[in-house]
Amino acid sequence: MLEINRIKAEKSELIERLKVRNFDATTIFNDLLTLDEKWRETKTELDKISAESNKIAKEIGMLFGQGKVEEANKAKDKTANLKEKSKTLTQQVNELANLITQKLYEIPNIPHPSVPAGNSDEDNEIVFEDAPKQNLPKNALPHWELAKTYNLIDFELGVKVTGAGFPFYIGKGARLQRALINFFLDEARDAGYKEIIPPFVVNEASGYGTGQLPDKEGQMYHCQVDDLYLIPTAEVPLTNMFRDVILKNEDFPIKITGYTPCFRREAGSYGKHVRGLNRLHQFDKVEIVRVEHPNDSYGVLDEMVAYVESLLKKLELPYRKLRLCGGDIGFTSALTYDLEVYSAAQERWLEVSSISNFETFQANRLKLRFKDENKKNRLAHTLNGSALALPRILASILENNQTEKGINIPKVLIPYTGFDKI
RNA sequence: GGUGAAUUGGCAGAGUGGUCGAAUGCGGUAGUCUUGAAAACUAUUGUACCGUGAGGUACCGGGGGUUCGAAUCCCUCAUUCACCGCCA
């Protein structure tokens, strides 16, 4: 969520930068500034009325204390009018404040100057790209065929027990999955991230804190009886740990990681993009989260991207790095890098990681602040990234490493799987 | 799930209708003293908002109510603790 003061101070510049997202903020900014003006006026008036009633109430108290009951009762008459006014003004102030936050919720984050303009994923900027692997056997299979052949994943069983998008991992498939989780967590720990196991279900306030609500309401599973949401990513509980927190300068850097299953309704997805492991309703992911001083956050973003790249290199997967364009970047993000691995048999790149700097966008909603050198509270910067999302990594490992005699496990994983071939 | 007790500032803890944004202690910060430190002493010490400023407003778990006036009374929700029940 943007700060209204920032809109006031940098209006035209922000409008310009939001154009990169194809978001025309002119009207909403003007509305907001008018509303803010109105709110300010009403608030000041209300404060005056309150001050007056407080004063009278105090006087009455004093009169009673001195035993001047009659005078006190007379003073009471003066308050009726004030009370009435205060009531209507309070209502107006609340209404205006609600309208303002509602409007603020509609505005996406301001893109970083380096975000390229564009309308869709086709306009993303390719920063780096490996050559796809060429040495596949003649009739190379997509991972869903491999999963069936080697009995690693049972999609139909998932359909029977739960529904589409909820596969069963079986035998070596399950162990490979678990190996990846442990590998990712160990790597993260070595890189200085503290491991967290958060709740997999969160309340409404947390949904708002990281920005899943209200904009992505339909994407989360909602347990209505208890009004709780299944997490779509560990980002939600991990970042909300810092909701309503005031950090000290020396608390930085904050580096945490967590493995969680992720639940996504993926309403509206269809076709080859949901085939096999490409898009699931439940999947596993290790997430890294940072809370940082505003001065450091972009250096940290680069560091995070480099870290996730190092994982892909260790897994020996061909990958590419994209800087998302204005049309593809997430609502809450200021700058996002996507990492995609090559799926040899499908002959497409699959997104396995998305690493973003949210600057103060989440922090403002979270009220996540730190005391700066001058002991002023300032909003911190939050960042996160997948490190990594499992299914597509699994898909890519299966497809890229298939041979006529079976599937080779990447060297770094063998200590974790306990086998080197499927 | 049932019954009872509780929820106050960074922490501990007072406050049961009026001058309480809130005693006191600890902690934090600054100063005095000291060669330096400790101790002692003195001062200061929450957050947000409105206002150029003086100043003002709001906040004692959340929400609502009673009252001229609420940390204090009432309703409601949440959380914590204790005991009982159930249970991985």
Side-chain angles (χ1 to χ4, degrees), chain A residues 1-9 32-104 197-209 213 222-229 237 240-252 254 261 360 362-380:
Chain A
M1 185 163 74
L2 289 187
E3 294 151 274
I4 188 101
N5 287 335
R6 194 169 163 206
I7 296 177
K8 216 184 294 176
L32 268 169
L33 293 182
T34 314
L35 282 171
D36 183 61
E37 192 70 26
K38 191 91 201 286
W39 174 82
R40 202 179 306 271
E41 270 171 31
T42 321
K43 175 77 162 69
T44 308
E45 205 178 326
L46 173 62
D47 282 358
K48 270 189 206 148
I49 300 275
S50 305
E52 208 173 320
S53 339
N54 285 346
K55 207 176 120 207
I56 294 174
K58 234 170 227 185
E59 281 167 9
I60 293 174
M62 252 140 90
L63 289 173
F64 272 122
Q66 294 161 7
K68 299 178 183 166
V69 179
E70 239 169 80
E71 277 181 63
N73 281 326
K74 221 183 274 170
K76 279 191 195 179
D77 299 339
K78 288 194 282 187
T79 60
N81 185 29
L82 289 176
K83 232 183 161 182
E84 195 55 41
K85 266 192 205 160
S86 154
K87 212 171 173 183
T88 37
L89 284 173
T90 307
Q91 209 173 16
Q92 280 174 29
V93 167
N94 289 342
E95 269 168 29
L96 286 167
N98 286 341
L99 256 170
I100 289 169
T101 18
Q102 240 174 60
K103 290 226 180 259
L104 284 173
I197 301 181
F200 301 160
V201 184
V202 293
N203 58 28
E204 196 183 24
S206 296
Y208 275 95
L213 294 174
H222 185 200
C223 310
Q224 284 178 356
V225 187
D226 298 299
D227 200 15
L228 296 171
Y229 294 85
N240 271 284
M241 287 168 71
F242 299 94
R243 176 148 46 85
D244 293 318
V245 166
I246 299 175
L247 297 163
K248 296 191 204 82
N249 224 335
E250 58 266 29
D251 290 331
F252 298 127
I254 290 174
T360 57
Q362 291 183 329
N364 191 25
R365 290 193 184 188
L366 291 162
K367 295 203 180 67
L368 162 51
R369 292 161 295 177
F370 69 99
K371 281 219 187 295
D372 71 6
E373 307 73 36
N374 308 317
K375 296 186 176 172
K376 277 282 279 185
N377 286 337
R378 286 177 63 191
L379 294 171

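Reminder, nothing fancy here: chain letters follow the sequence lines and each chain counts from 1. Everything numeric here is computed off the predicted structure, so don't read it as measured data.
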Undergrad: With a 3.5 Å cut-off and sequence neighbours excluded, list the donor-acceptor pairs that the side chains of residues 81-93 of chain A form with protein atoms.
TA:
{"unit_1": "T88(A)", "atom_1": "OG1", "unit_2": "E84(A)", "atom_2": "O", "d": "3.3"}
{"unit_1": "T88(A)", "atom_1": "OG1", "unit_2": "K85(A)", "atom_2": "O", "d": "2.9"}
{"unit_1": "T90(A)", "atom_1": "OG1", "unit_2": "S86(A)", "atom_2": "O", "d": "2.5"}

Undergrad: Going by side-chain hydrogen bond (donor to acceptor under 3.5 Å, both in side chains), name the residues that satisfy it together with N203(A), two or more places apart in sequence or in a different chain.
TA: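 S206(A).
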Undergrad: In whole Å, measure the gap between the C1' atoms of G61(B) and A6(B) for me.
TA: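 Per the computed distance, 11 Å lies between those C1' atoms.
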Undergrad: Can you tell me, in whole Å, how much space there is between the P of G25(B) and that of C74(B)?
TA: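 The answer is 32 Å between these two P atoms.
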Undergrad: Among residues at least two apart in sequence or on other chains, which ones pass side chain to side chain contact (heavy atoms under 4.5 Å, CB included) with D244(A)?
TA: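 Result, side chain to side chain contact (heavy atoms under 4.5 Å, CB included) vs D244(A): K367(A).
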Undergrad: Is there side-chain contact between E204(A) and D227(A), with heavy atoms separated by less than 4.5 Å?
TA: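 Of all side-chain heavy-atom pairs linking D227(A) with E204(A), at least one is under 4.5 Å.
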Undergrad: In terms of ring plane angle, is the pair Y229(A) and H222(A) parallel, tilted or perpendicular, where the classes change at 30° and 60°?
TA: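 Aromatic pair Y229(A)/H222(A) classed parallel.
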Undergrad: Over how many whole Å does the gap from E84(A) atom CD to U67(B) atom P extend?
TA: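 For the pair E84(A) CD and U67(B) P, the rounded distance is 13 Å.
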Undergrad: Between G18(B) atom P and E59(A) atom CD, what is the distance in whole Å?
TA: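 My rounded result for the distance is 18 Å.
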Undergrad: How far does the C1' atom of U42(B) sit from the matching atom of U57(B), given to the nearest Å?
TA: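 Those two atoms are separated by 33 Å.
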Undergrad: Just the rounded figure in Å: distance from P of U57(B) to NZ of K85(A).
TA: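 From K85(A) NZ to U57(B) P: 16 Å.
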Undergrad: What integer distance in Å separates F64(A):CZ from U19(B):P?
TA: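 These atoms are roughly 14 Å apart.
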Undergrad: Which atom pairs, one a donor and one an acceptor, fall under 3.5 Å between side chains of residues 70-77 of chain A and the rest of the protein, sequence neighbours left out?
TA:
{"unit_1": "N73(A)", "atom_1": "ND2", "unit_2": "V69(A)", "atom_2": "O", "d": "3.4"}

Undergrad: Mind checking the C1' distance from C26(B) to U35(B)? Whole angstroms is fine.
TA: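 Roughly 31 Å separates the two C1' atoms.
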Undergrad: Find the distance L82(A):CG to G69(B):P and express it as a whole number of Å.
TA: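 From L82(A) CG to G69(B) P: 10 Å.
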Undergrad: What is the separation between atom CG on L63(A) and atom P on U19(B), rounded to the nearest whole Å?
TA: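 In whole Å, U19(B) P lies 14 Å from L63(A) CG.
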Undergrad: For RNA chain B, what is the dot-bracket line, given that a base pair needs Watson-Crick (N1 to N3, plus N6-O4 or O6-N4) or G-U wobble (N1-O2 and O6-N3) geometry with both distances under 3.5 Å, and | means paired with another strand?
TA: ((((((((.[[[..)..(.....]]]((((((.......))))))(((((....))))).[[[[[..)....]]]]])))))))....
Undergrad: Taking only residues two or more places apart in sequence, or in another chain, which ones meet T101(A) in a side chain to side chain contact (heavy atoms under 4.5 Å, CB included)?
TA: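 Result, side chain to side chain contact (heavy atoms under 4.5 Å, CB included) vs T101(A): M1(A).
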Undergrad: What's the gap between G51(B) and A40(B) when it is taken at their P atoms, as a whole Å value?
TA: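 Going atom to atom, P in each nucleotide, I get 45 Å.
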Undergrad: U72(B) and G18(B): how far apart are their P atoms, nearest whole angstrom?
TA: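 So the two P atoms sit 12 Å from each other.
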Undergrad: List the residues meeting side-chain hydrogen bond (donor to acceptor under 3.5 Å, both in side chains) with K43(A), not counting sequence neighbours, and say none if there are none.
TA: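 Partners of K43(A) under the side-chain hydrogen bond (donor to acceptor under 3.5 Å, both in side chains) test: D47(A).
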Undergrad: Any side-chain heavy-atom pair from N240(A) and V202(A) closer than 4.5 angstrom?
TA: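 The answer is no, as the side chains (C-beta and beyond) never meet within the 4.5 Å cut-off.
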Undergrad: When rounded to the nearest Å, what value does the distance between C1' atoms of U47(B) and U52(B) take?
TA: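 Going atom to atom, C1' in each nucleotide, I get 23 Å.
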Undergrad: N94(A) or K76(A): which one's nearest nucleotide on RNA chain B is closer to the 5' end?
TA: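 Result: N94(A).
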Undergrad: Starting at CG of D227(A) and ending at C1' of A78(B), how long is that distance when rounded to a whole Å?
TA: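 Rounding to the nearest Å, CG of D227(A) and C1' of A78(B) are 13 Å apart.
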Undergrad: Separation of N81(A) atom CG from C68(B) atom C1', in whole Å?
TA: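 Interatomic distance, CG of N81(A) to C1' of C68(B): 13 Å.
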Undergrad: Taking only N/O atoms, report every protein-nucleotides 46-52 of chain B pair under 3.5 Å with atom names and distance.
TA:
{"unit_1": "U47(B)", "atom_1": "OP1", "unit_2": "K371(A)", "atom_2": "NZ", "d": "2.8"}
{"unit_1": "U47(B)", "atom_1": "O3'", "unit_2": "N377(A)", "atom_2": "ND2", "d": "3.4"}
{"unit_1": "A48(B)", "atom_1": "OP1", "unit_2": "R369(A)", "atom_2": "NH1", "d": "3.3"}
{"unit_1": "A48(B)", "atom_1": "OP1", "unit_2": "N377(A)", "atom_2": "ND2", "d": "3.3"}
{"unit_1": "C50(B)", "atom_1": "OP1", "unit_2": "R40(A)", "atom_2": "NH1", "d": "3.2"}
{"unit_1": "C50(B)", "atom_1": "O2'", "unit_2": "T44(A)", "atom_2": "OG1", "d": "2.7"}
{"unit_1": "G51(B)", "atom_1": "OP2", "unit_2": "R40(A)", "atom_2": "NH1", "d": "3.4"}

Undergrad: Would you mind writing out the side-chain donor-acceptor pairs for residues 55-63 of chain A within the sub-3.5 Å range, not counting sequence neighbours?
TA:
none

Undergrad: Using the P atom as the reference point in each nucleotide, state the distance between A70(B) and G63(B) in Å, no decimals.
TA: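 Result for the P pair: 15 Å, nearest Å.
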Undergrad: Take K87(A) and T79(A), find for each the nucleotide of RNA chain B with the closest heavy atom, and name the residue whose nucleotide sits nearer the 5' end.
TA: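 Looking at RNA chain B, the more 5' nearest nucleotide goes with K87(A).
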Undergrad: Side chains of I100(A) and W39(A): closer than 4.5 Å at any heavy-atom pair?
TA: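 A side-chain contact exists here, since the closest heavy-atom pair is under 4.5 Å.
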Undergrad: Please name all residues satisfying side-chain hydrogen bond (donor to acceptor under 3.5 Å, both in side chains) with R6(A), sequence neighbours left out, ordered by chain then number.
TA: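 Here no residue qualifies.
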Undergrad: Which residues in residues 48-56 of chain A have a heavy atom closer than 4.0 Å to any atom of RNA chain B?
TA: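 Heavy-atom cutoff 4.0 Å gives S50(A), A51(A), N54(A).
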Undergrad: Suppose we screen for ring-ring contact (aromatic ring centres under 6.0 Å, His included). Which residues come up paired with F242(A), at least two apart in sequence or across chains?
TA: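 If we apply the ring-ring contact (aromatic ring centres under 6.0 Å, His included) test to F242(A), skipping adjacent residues, there are no hits.
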